[in-house]
Amino acid sequence: MTAFESDIHTHSIASGHYTADTITTMARHAAKRGIKMLGISEHGPAMPHSCTLSYFRGLSHAPSVRMGIRILYGAEANILDASGSLDLPETIRVQLDYCLAGIHPPCFHTEKNTGDHTDAYIHAMANPHIHIIAHPDDSRYPVDYRRLTEAAMDHHVLLEINNASLAPGGYRGETNENDRTILELCRKYRYPVLLSSDSHGHINIGNFKYAMKLVRETDFPMELILNTSAEKLLSFLYRNRTRHNL
């Protein structure tokens, strides 16, 4: 059983890699692990072999409860350049329950320097209906974390502590110090964070083992981790929304 009520950065077979699990399969395992709210956030269409725009348009018709737990339907949009352009248009994002934005090597083609990456994240935050920055700890894309955190506060966007990044052998390089810096800044500013499994398929749903190790090491307040309460997380996600039916 997990001590957390939600995990909203996960991927099913629709993302096109690493798993053959359907959303129903993932919901079944999430329910067994005590998760009350599961978020499915497939990769945007710029990611090779991922979902088309028509897939995301159809999510408004998907069931909001599966296996007795609440299902949120989101997306992990790809940041395409330093101007923060995304591969999901606003007309799609507004229909989703939430949206992450992240930098991925197959989709981001701007010259690699710290300014470009920080600006890319900050400009992405300014897009309407972006709620979370995915794995900003990626060591392949170094950023100014103070600027990033302050911009997240200005735009009411969460920074993610990604368990998959911190796991041994993670492909984003050495991320421990980057995540430590994010946690220390958010503790200083009393700003909440989101822990994410980034599970591709069911196997790591609700697994925040490595993220929690860092939370304990940095003495980060549990009350600032939004996964501890589905209600708190929804309140944050929808603070600026004029309509939702949750």
Side-chain angles (χ1 to χ4, degrees), residues 6-10 37 39 41-44 72-90 92-104 107-108 114-138 141-163 165 175 178-179 181-198 211 220-221 223-242 244 246:
S6 63
D7 186 2
I8 67 168
H9 185 170
T10 71
M37 186 170 71
S41 51
E42 310 296 7
H43 287 292
L72 300 184
Y73 298 96
E76 186 177 4
N78 294 290
I79 301 173
L80 303 177
D81 51 43
S83 66
S85 300
L86 303 173
D87 64 345
L88 280 180
E90 185 181 353
I92 298 290
R93 299 194 307 269
V94 71
Q95 297 177 38
L96 300 173
D97 290 323
Y98 66 102
C99 193
L100 302 93
I103 294 177
H104 299 92
C107 312
F108 188 81
T114 300
D116 274 353
H117 306 143
T118 306
D119 291 342
Y121 283 126
I122 292 174
H123 291 316
M125 291 179 191
N127 284 287
H129 312 292
I130 291 298
H131 303 89
I132 302 155
I133 293 297
H135 41 74
D137 57 7
D138 195 328
Y141 302 103
V143 299
D144 180 334
Y145 284 109
R146 184 174 299 278
R147 280 187 64 210
L148 187 69
T149 304
E150 291 174 352
M153 295 170 64
D154 288 342
H155 292 291
H156 191 69
V157 169
L158 289 169
L159 299 179
E160 171 188 81
I161 304 298
N162 189 293
N163 194 73
S165 293
T175 62
N178 296 338
D179 283 309
T181 299
I182 292 169
L183 288 170
E184 288 173 347
L185 285 165
C186 287
R187 181 183 62 188
K188 174 183 176 181
Y189 294 130
R190 300 293 298 176
Y191 194 68
V193 299
L194 181 75
L195 305 190
S196 295
S197 69
D198 201 355
F220 190 80
E223 64 267 21
L224 292 180
I225 299 175
L226 292 186
N227 307 74
T228 56
S229 165
E231 182 180 355
K232 283 170 61 175
L233 179 53
L234 287 173
S235 178
F236 185 97
L237 293 177
Y238 295 110
R239 191 186 76 171
N240 293 332
R241 260 198 177 176
T242 57
H244 62 87
L246 300 172

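Heavy atoms only, all atoms of each residue included: Ala211 and Leu195 are closest at CB-CD2, 4.2 Å. Closest heavy-atom contact between Arg93 and Leu88: NH1-O, 2.6 Å. The nearest pair of heavy atoms linking Asp87 to Gly44 is OD2-C, 3.1 Å.
The CG atom of Asn227 lies 7.5 Å from the CD1 atom of Ile8; values are rounded to the nearest 0.5 Å. Here the NE2-CG distance, from His155 to Asn127, works out to 9.5 Å after rounding to the nearest 0.5 Å. In this structure, CG on Asp137 lies 4.5 Å from OG1 on Thr175, to the nearest 0.5 angstrom. Note that CG of Leu237 is 6.5 Å distant from CG of Leu158, once rounded to the nearest 0.5 Å. Between the OH atom of Tyr73 and the CG atom of Asp97 there is a distance of 8.5 Å, given to the nearest 0.5 Å. For the atom pair Thr149 OG1 and Asp144 CG, the distance stands at 9.0 Å (nearest 0.5 Å).
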Any chance you could lay out the side chain to side chain contact (heavy atoms under 4.5 Å, CB included) test for Ile79 and Leu86, step after step, and finish with the verdict?
-> CA-CA 5 Å; Ile79 301 173; Leu86 303 173; 3.9 Å; yes
Candidate pair His9 and Asn162, rule side chain to side chain contact (heavy atoms under 4.5 Å, CB included), full reasoning | CA-CA 9 Å; His9 185 170; Asn162 189 293; 3.9 Å; yes
Could you please spell out the steps behind the salt bridge (Lys or Arg N to Asp or Glu O under 4.0 Å) verdict for Glu184 and Arg146?
-> CA-CA 10 Å; Glu184 288 173 347; Arg146 184 174 299 278; over 6 Å; no
Let me see the working for Asp138 and Ile103 under side chain to side chain contact (heavy atoms under 4.5 Å, CB included), right down to the final yes or no.
-> CA-CA 9 Å; Asp138 195 328; Ile103 294 177; over 6 Å; no
Decide yes or no on side chain to side chain contact (heavy atoms under 4.5 Å, CB included) for Glu76 and Ile132, but give the supporting numbers first.
-> CA-CA 9 Å; Glu76 186 177 4; Ile132 302 155; over 6 Å; no
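In this structure, the side chain of Asn78 does not engage the main chain of Leu80 through any donor-acceptor pair within 3.5 Å. Under the 3.5 Å distance criterion, the side-chain polar atoms of Arg187 are left unmatched by any main-chain donor or acceptor of Pro221.
Inter-residue side-chain proximity for Tyr191 and Leu224 is flagged as unmet; no heavy-atom pair is nearer than 4.5 Å. Taking 4.5 Å as the limit, some side-chain heavy atom of Val193 sits within range of a side-chain heavy atom of Ile225. Considering only heavy atoms from C-beta on, Ile161 comes within 4.5 Å of Leu183 through its side chain. Leu100 has its side chain out of reach of Ile130: every pair of non-hydrogen atoms, C-beta onward, lies at least 4.5 Å apart. Residues Glu160 and Ser165 fail the side-chain proximity criterion, which asks for heavy atoms closer than 4.5 Å. Side-chain atoms of Tyr98 and Ser41, non-hydrogen and from C-beta on, do get closer than 4.5 Å to each other. The shortest distance between side-chain heavy atoms of Cys99 and His129 does not fall below 4.5 Å. Between Leu194 and Leu233 the shortest side-chain heavy-atom distance falls below 4.5 Å.
Taking the six-membered ring wherever Trp is involved, the centroid distance between the rings of His104 and His135 falls below 6.0 Å. The six-membered or imidazole ring of Phe108 lies near that of Tyr141, with a centre-to-centre distance under 6.0 Å. Taking the six-membered ring for Trp and the full ring otherwise, the centers of His131 and His156 sit at least 6.0 Å from each other.
In this structure, Glu231 places its CD atom where only 12 or fewer heavy-atom neighbours from other residues, nucleotides or ligands lie under 6.0 Å away.
Side-chain contact, Ser197 with Asp7: a donor N or O sits under 3.5 Å from an acceptor N or O. For the 3.5 Å distance criterion, the side chains of Ser83 and Asp81 qualify, holding a donor opposite an acceptor.
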